[in-house]
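Report on the following structure.
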Amino acid sequence: MDISLIIPAKDEEESIPELCQWISRVMTAHGFSYEVIFVDDGSTDGTWHQIKKISEANPVFKGIKFNRNFGKAAALQTGFRKAHGNVVITMDADLQDSPDEIPALYAMIAQQGYQIVSGWKKKRHDPISKTLPSKFFNWVVQRISGIYIHDFNCGLKAYDYIVTKNITIHGDMHRYIPVIAKWAGFTKITEKVVEHRERKYGFSKFGWQRLFSGFLDLLSITFVGKFRRKPMHFFGTMGLISFFLGTIFTLKLFWDKMDSLFISKIPLKRDITDQPLFYLALVAVVIGTQLFLTGFLAEMIATQSVSKRDYLVIDEVGLTGNKSNS
Ligand code: UDP
Ligand code: MG
């Protein structure tokens, strides 16, 4: 099969019939073999009814229904697991993305050898309250990830099959799929200018909260991406520094006390326990130990998850016939 289209939909009943007709038209005109997988992300309107009706009439249209709203990332992830096409394309259900882009996106993956092609809504039909924060957001993510594409959040993206089968996304992480993919080793990433259309029916499902959750996710993804496999490098370093400072402070206090008792015999101006340094030393040693223990626990958890299969083997030589192959 050439193409799997994955379309997350939350309350998009009016758009779906029109979208399906348009998709069929494009696919037939180019002679693609394809499937369309709708993921109904807890819609409360007639979205599922529409999907079922269309699927009964034409089985290339398929659907999965969540029992409640789990978010766009969960919807995409579920679609990725079910997809069969050599090229997997994701698209919003609200008719803001144009199915006319499909053939060009397909060609960039299938013929030019890219692993991810991300849409770029160069001319956007959205209010400025959305486009301005988005510009800033994209700028930050570019710097952090080293992936220089303009529009991380674009719903229209195309993937090589192997990418979609080897990345895991959850929460609001759909904004960071190129970043997650890059860390999994899929580095042939590019972008393509795509047409962005006005929302015809319904309303946007993401409000201003997307700013906060977007940035929290950015923090966690940066952190997790860097230290997931070696948490001790982070916690251990911080812990050692803190512990080291605490030890120096303690030695200094100890030295002052000895000096006043046995060497200079000049009594201390303040008791040890009245000095700020005493509390600093105490806190630094305790925090240092805590950080070190945290790093140790995180390291044990990371070791476990790596053994579960956290890596991707794409080729092997000389191993066929190995009985213990699992
Ligand atoms: N969507 C979803 N689950 C959600 C929110 C949105 O599946 O919790 C779908 C929605 O139906 C649409 C796509 O994700 O197909 C993009 O959402 P929307 O158009 O509201 O976002 P915007 O265009 O405002 O970024
Ligand atoms: Mg939209």
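All residue numbers refer to positions in the sequence shown, counting from 1.
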Hey, are the side chains of [X] and [Y] touching, using non-hydrogen atoms and a 4.5 Å cut-off?
X	Y	answer
Pro276	Arg270	yes
Ser98	Arg197	yes
Lys82	Glu35	no
Ile6	Leu76	yes
Val285	Phe243	yes
Asp11	Phe203	no

Backbone N/O of [Y] and side chain of [X]: donor-acceptor pair under 3.5 Å:
X	Y	answer
Ser4	His84	yes
Ser145	Val141	yes
His196	Arg124	no
Asp2	Ser33	yes
Thr164	Tyr161	yes
Tyr114	Asp160	no

Looking only at heavy atoms, which two atoms of [X] and [Y] are closest? And how far apart?
X	Y	value
Ala284	Ser242	O-OG, 2.8 Å
Ala104	Lys192	CB-CE, 3.4 Å
Ala181	Ile167	CA-CG2, 4.0 Å
Asp217	Asp172	OD2-CB, 3.0 Å

ring-ring contact (aromatic ring centres under 6.0 Å, His included) pairs touching residues 284-304, sequence neighbours excluded, are none

So the ring-ring contact (aromatic ring centres under 6.0 Å, His included) pairs with at least one residue in residues 26-81 (sequence neighbours excluded) are His30-Phe32, Phe32-Tyr106, Phe66-Phe70, Phe80-Tyr159

Sole candidate of [options] that passes side chain to side chain contact (heavy atoms under 4.5 Å, CB included) when paired with [X]:
X	options	result
Cys20	Ile7, Val60, Ile54	Ile54
Trp120	Asn138, Val194, Val193	Val193
Leu156	Thr90, Asp92, Ile102, Leu105	Leu105

Handout entry: Electrostatic pair Lys10:Asp41 at N-O distance under 4.0 angstrom
Key = no

Test side chain to side chain donor-acceptor pair (under 3.5 Å) applied to Glu12 - qualifying residues, sequence neighbours left out
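For Glu12 the side chain to side chain donor-acceptor pair (under 3.5 Å) partners, ignoring immediate neighbours, are Arg199, Lys205.
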
Residues passing the side chain to side chain contact (heavy atoms under 4.5 Å, CB included) test with Phe223, sequence neighbours excluded, are Phe227, Phe234, Phe235

Applying salt bridge (Lys or Arg N to Asp or Glu O under 4.0 Å) to Lys157 and not counting sequence neighbours gives none

Residues at least two apart in sequence or cross-chain that pass salt bridge (Lys or Arg N to Asp or Glu O under 4.0 Å) with Lys200, listed by chain then number, are Glu18

(Q) If you count every heavy atom of other residues, nucleotides or ligands that lies below 6.0 Å from Ile266 atom CD1, does the total exceed 12? (A)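 Not buried by this count: 12 neighbours or fewer within 6.0 Å.
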
* List the steps, then state whether side chain to side chain contact (heavy atoms under 4.5 Å, CB included) holds for Phe254 with Ile272. => CA-CA 9 Å; Phe254 186 73; Ile272 293 282; over 6 Å; no

**Asked** Strictly by modelled atom types, are Glu191 and His150 linked by a side-chain donor-acceptor pair under 3.5 Å?
**Response** yes

| Is there a donor in the side chain of Ser264 and an acceptor in the side chain of Asp259, or the other way round, less than 3.5 Å apart? | yes

Exercise for review: Just do the side chain to side chain contact (heavy atoms under 4.5 Å, CB included) check on Ser213 and Arg175 with the steps written out, would you?
Suggested key: CA-CA 11 Å; Ser213 55; Arg175 302 194 180 92; 4.2 Å; yes

